[in-house]
Amino acid sequence: MADAKSETQSSNQMWGGRFASGPDAIMEEINASIDFDKKLYAQDIRGSMAHATMLAHQGIISAEDKNQIVAGLETILKEIEDGTFAFSRKLEDIHMNVEARLAALVGPAAGRLHTARSRNDQVALDFRLWVKEELQKTERMLSALIAAFLDRAEEHADTVMPGFTHLQTAQPVTFGHHCMAYVEMFGRDRQRVRHAIEHLDESPIGAAALAGTGFPIDRHMTAKALGFREPTRNSIDTVSDRDFALEFLSIAAIAATHLSRLAEEIVIWSTPQFGFIRLSDAFSTGSSIMPQKKNPDAAELVRAKTGRINGSLVALLTVMKGLPLAYSKDMQEDKEQVFDAAESLELALAAMTGMVRDMTVRADRMKAAAGSGYSTATDLADWLVREAGLPFRDAHHVTGRAVALAEQKGCDLAELSLQDLQAINPAITDKVYGVLTVEASVASRTSFGGTAPENVRQQIAWWRARN
Ligand code: ARG
């Protein structure tokens, strides 16, 4: 790369005045990716070692050159990890930074490393390896969150809380069942992660610039050495493809959306008005002016991170949209989106796992709320169907009248006298009181997937065997 020219030499007559520096410096500014793609150093070095080893095995370079290359790359790895490596923006990206240093370390042998390879397949390889590792990490973090929920669900399989629709009290459920709803959501996220790992498990190296190479390389050998199932099958697609990054971002966006719903519930539950949970000091903050406040900042930030992650997905989809095959420099804009989303998702998962493990569940508050809002009205209607033989629509109507009467009297359904209930429908007997408690309500919901504590325990066992 040429050095930036001085302003007088290079400022363009037409538009130079607008810029403080000459076009070469601007070119360097827009072109260089080293500031962010240095994150790929370990993958880049690993890929180069596998490539050099294969080149030597195939007789394309000598064993001596290969040994020098590998030794040089080991030195570079150590330099980067020790923080002594001097990254240069003039050398654009991680690939050229490593190669230039290799040349300084081992001389002419370094120049043979790039045989039968291009930065196009090199970057596709490095980034794929990085995303694969990130997906594996995400899988482990999702498992940890699921484990936290399974423990809380087990502890609270019998704890009754109001179930909501439209955030209005609907029917009593158990807190264990509610926790298991999140286990299902994060379990699906984990399945998506596993599928994405399968999808990306093909090695791009050897596709070269876009057309493959005339050198007798062995792509199966490099694929195996780098832990991929097999090499990719089409060299043009290989250097054009960023589906693995888009899949990672889609999965991250869906998982973050799940996390935001949980975050929102935590915010609501921890208000004094709800009081269903108390957050630990570790995951809340105080107010600088109002001494009584305990704010759910971590939950709020998780809720907000979703915006960033969704933004990254839309940004990369937009970068890739309409790109002609094969590689275009636009694709260099893939990394920051993925790195930022990965960092946000990791933080959000870690914070949520901590909050779920640490929060105090206030079973008394949940139970009191579960009984309010005529939450067992459906149980009364079901009883009328079962015991009095009413069609459900009629039972619904009768129950509606009972709710209206209770509302008028300012009491719960279970507090209406038998006389009152029989005035609405004479078929009602005192047995009805057995179904009007919240405990009886949840215990009766034994249909597969229902909220009955015994069901919840079965679901926990099912998930424990898979976590
Ligand atoms: N830094 C580039 C990127 O991230 C590497 C590939 C460059 N290839 C090229 N033909 N200029 O996409």
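Remember, it's 1-based here, ligands and their atoms both numbered in the order they're listed. Model, not experiment: these values are computed from the prediction.
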Quiz prompt | Nearest protein heavy atom with distance in Å, relative to atom 3 (C) of ligand 1 | solution = Y327 OH, 3.3 Å
Quiz prompt | Donor-acceptor contact present, side-chain Q122 to main-chain D44, <3.5 Å | solution = no
Quiz item: Can you name the nearest heavy-atom pair linking Q43 to K39, along with the distance?
Solution: OE1-O, 3.7 Å
Practice problem: Starting from atom 11 (N) of ligand 1, locate the nearest protein heavy atom and write down its residue, its atom name and how far away it is, to 0.1 Å. | Solution: R119 NH2, 3.5 Å
Exercise. Check each heavy atom of K335 against ligand 1 and say whether those closer than 4.0 Å belong to the side chain, the backbone, both or neither.
Key: side chain
Quiz item: Of W269, F149, F276, F164, which is the lone residue that meets ring pair (Phe, Tyr, Trp, His ring centres under 6.0 Å) with H178?
Solution: W269
Quiz prompt | Heavy-atom donor-acceptor pair, D218 side chain to M54 backbone, under 3.5 Å | solution = no
Exercise. Taking R308 for its side chain and D340 for its backbone only, find out whether a donor-acceptor pair lies under 3.5 Å.
Key: no
Practice problem: For D93 and H95, indicate whether the former's side chain and the latter's backbone hold a donor-acceptor pair under 3.5 Å. | Solution: yes
Quiz item: Which ligand 1 atoms are under 4.0 Å away from a heavy-atom of S33?
Solution: 1 (N)
Quiz prompt | N or O pair under 3.5 Å between R242 and ligand 1 | solution = no
Quiz prompt | NZ or CZ of K335 within 45° of F36 ring axis and under 6.0 Å | solution = no
Exercise. For ligand 1, find out whether one of its N or O atoms is nearer than 3.5 Å to an N or O atom of H95.
Key: no
Quiz item: D93 heavy atoms, cut-off 4.0 Å: which ligand 1 atoms fall inside?
Solution: 1 (N), 2 (C), 5 (C)
Quiz item: Which atoms from ligand 1 have a heavy atom of N120 less than 4.0 Å away?
Solution: 8 (N), 9 (C), 10 (N)
Exercise. Identify, for atom 2 (C) of ligand 1, the protein heavy atom at the shortest distance, and state residue, atom and that distance.
Key: Q332 OE1, 3.2 Å
